[in-house]
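What you are looking at is a predicted structure, and each value in this text was computed from that prediction instead of being measured.
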Amino acid sequence: MAGGLERVYGTEEDKVNCSFYIKIGACRYENKCQRIHSIPPISQTILFKHMYQNSPIEVAIASGNAVSQAGIEEALEKFENFYEDVFLKLAEFGEIEDLIVCENIGDHLVGNVYVKYTSEYYAEGCFNALQNLSYENRPLQMEYSPVLDFSSAKCKQYIDGTCQRGGACNYLHLKKISTKFKKSLFNQMYEEHPDYKEKKEKEINEKSPKKHKKKEKKSKKKKSSSSRESSRRNSIERQKMINDWNETGIQNVSQAQKMMYGNNMPAPVYTPKVSMRTSPELLQLQLQLAALKEQLTAIKMS
């Protein structure tokens with residue numbers, strides 16, 4: 001009997017516990033849900049409800065609407081400022097494994113921020129220290145989250161560029177951030193709190209001392225750099241990331257066109273690369289994809 005309960009726990013077959021809450025850390029029915037939302041007494045992950053305040057431009061982007069280049073630049077700058085501020089503050093309480101911010105605009109997910117620490121000890125220190133505090137004049141709404149694996153909480157269709165629900169999706173749509181910028185924040189965390197890295201290296205050394213010694217020898221050959229490398233503007237890495245986004249958007253539109261036109265598909269239109277962080281062209285491609293999907297759905301239904 002116990003084995004059967006363990007098997008169905010957190011799945012659609014579980015008639016007692018809300019599978020969505022266990023997987024996402026939030027449920028669209030909230031307190032009205034007919035299943036139990038069991039908030040863990042402690043966890044490596046802390047959820048800050050509705051901490052990030054979206055601007056109208058960001059809501060438009062999340063909804064798939066066209067936004068000007070200037071608007072996109074403004075939105076990305078605003079988000080990166082927030083991410084840096086929150087990341088470095090939360091890093092004061094312990095080593096961060098990941099920090100994510102939801103792009104969803106549903107009432108139960110909008111502005112949600114999840115921080116996962118490398119241990120429950122660090123998470124507990126953060127949780128206790130931030131009690132009854134505010135961010136930008138709004139009280140922090142914190143709770144321990146059951147989510148320990150963000151990969152299962154993320155929307156796979158959004159990652160592939162095929163989610164039809166947009167910002168209203170109930171799986172996590174994460175706000176995009178430069179990989180290099182995020183890495184620079186982790187580097188700064190380890191520079192300001194070297195004990196985090198020392199502890200991690202000690203744990204690795206205890207688990208596999210031979211491998212650790214090999215890594216130490218290799219690291220001595222590399223040039224060390226203590227300065228934080230900023231990647232928020234005019235970086236080659238950022239341009240590559242944006243180009244990748246554009247290419248993904250073009251591929252998605254091409255797939256939808258093939259589904260629509262078959263062998264009579266019109267010749268592809270060349271879209272030039274852009275050097276800005278994100279481009280209106282990408283947003284237009286996303287809108288075209290959504291329109292083509294709607295047309296395809298209408299054809300199938302007719």
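I159 has its side chain out of reach of C155: every pair of non-hydrogen atoms, C-beta onward, lies at least 4.5 Å apart. In this structure, the side chains of F48 and V86 stay at 4.5 Å or more apart for every pair of heavy atoms. Between K182 and S178, the closest side-chain pair of non-hydrogen atoms is not below 4.5 Å. Proximity of M189 to Y196: side-chain heavy atoms (C-beta onward) are separated by under 4.5 Å at one or more points. Counting only heavy atoms from C-beta outward, the side chains of V110 and N54 approach each other to under 4.5 Å. Between C18 and I36 there is no side-chain heavy-atom pair separated by less than 4.5 Å. Within the 4.5 Å cutoff, side-chain heavy atoms of Q44 are placed close to those of L148.
For E92, the side chain to side chain donor-acceptor pair (under 3.5 Å) criterion is met by K89, not counting sequence neighbours. Remark: Q53 pairs with R138 by the side chain to side chain contact (heavy atoms under 4.5 Å, CB included) rule, at least two apart or across chains. With sequence neighbours left out, the side chain to side chain contact (heavy atoms under 4.5 Å, CB included) criterion links K199 to Y122, E203. Under the side chain to side chain contact (heavy atoms under 4.5 Å, CB included) criterion, L174 pairs with I100, K154, L172, not counting sequence neighbours. Scored by the side chain to side chain donor-acceptor pair (under 3.5 Å) test, Q157 finds no partners at all (sequence neighbours excluded). Contacts of Y121 classified as side chain to side chain contact (heavy atoms under 4.5 Å, CB included), with partners at least two apart in sequence or in another chain: S119.
Summarising the geometry, atom CG belonging to L109 is positioned 9.5 Å from atom NE2 belonging to H173; distances are rounded to the nearest 0.5 Å. Atom-to-atom distance recorded for R35:CZ and S19:OG is 6.0 Å, nearest 0.5 angstrom. Taken from CG in N81 to CZ in F79, the straight-line distance is 10.5 Å, to the nearest 0.5 Å. Taken from CG in L185 to CG in L88, the straight-line distance is 5.5 Å, to the nearest 0.5 Å. One finds the NE2 atom of H193 at 8.5 Å from the CD1 atom of I96 (value rounded to the nearest 0.5 Å). Note that OH of Y114 is 5.0 Å distant from SG of C102, once rounded to the nearest 0.5 Å.
Applying the salt bridge (charged side-chain N to carboxylate O under 4.0 Å, His left out) definition to pairs two or more places apart or across chains, those involving residues 104-123 are E97-K116. Applying the salt bridge (charged side-chain N to carboxylate O under 4.0 Å, His left out) test to pairs two or more places apart or on separate chains, none has a residue in residues 162-173. Every pair passing ring pair (Phe, Tyr, Trp, His ring centres under 6.0 Å) that includes a residue from residues 84-109 is listed here, sequence neighbours excluded: F87-F186. The list of side-chain hydrogen bond (donor to acceptor under 3.5 Å, both in side chains) pairs with a residue in residues 124-137, not counting sequence neighbours, reads D85-Y135. Residue pairs meeting the salt bridge (charged side-chain N to carboxylate O under 4.0 Å, His left out) criterion with at least one member in residues 53-64, sequence neighbours excluded: E58-K78, E58-K175.
Environment of NZ in K156: crowded, with over 12 heavy atoms of neighbouring residues, nucleotides or ligands closer than 6.0 Å.
For T162 and D160, the side-chain atoms include no donor-acceptor pair closer than 3.5 Å.
The closest donor-acceptor contact from the side chain of S43 to the backbone of T45 lies under 3.5 Å. The closest donor-acceptor contact from the side chain of N17 to the backbone of S38 lies at 3.5 Å or more, if one exists at all. With N112 contributing its side chain and H50 its backbone, the two residues share a donor-acceptor pair below 3.5 Å.
F82 and L130 fall within the same hydrophobic cluster, where Ile, Leu, Val, Met, Phe, Trp and Tyr residues are linked whenever their side-chain heavy atoms come under 4.5 Å apart, directly or through other members. Residues I105 and I72 are members of separate hydrophobic clusters, defined by side-chain heavy-atom contacts under 4.5 angstrom among Ile, Leu, Val, Met, Phe, Trp and Tyr.
Between Y144 and F127, the ring centre distance stays below 6.0 Å.
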| query | Checking ring-ring contact (aromatic ring centres under 6.0 Å, His included) for the pair Y171/Y158: CA distance, chi angles, key distance, verdict? | reply | CA-CA 9 Å; Y171 284 91; Y158 176 73; over 10 Å; no

| message | Applying side-chain hydrogen bond (donor to acceptor under 3.5 Å, both in side chains) to Q69 and E73, what does each step give before you reach the verdict? | response | CA-CA 6 Å; Q69 175 184 334; E73 288 285 338; 5.2 Å; no

| request: Check the pair Y29 / Q34 against side-chain hydrogen bond (donor to acceptor under 3.5 Å, both in side chains), numbers first and verdict last. | output: CA-CA 8 Å; Y29 298 115; Q34 296 180 353; over 6 Å; no

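Closest heavy-atom contact between A75 and I57: CB-CG2, 4.1 Å. Across all non-hydrogen atoms, the minimal contact from L90 to C126 is CD2-SG, 3.8 Å. A pairwise comparison of heavy atoms in A60 and V67 identifies CB-CG2, 3.9 Å as the closest pair.
Cluster partners of Y21, using a side-chain heavy-atom cutoff of under 4.5 Å among ILVMFWY residues and allowing indirect links, are I39.
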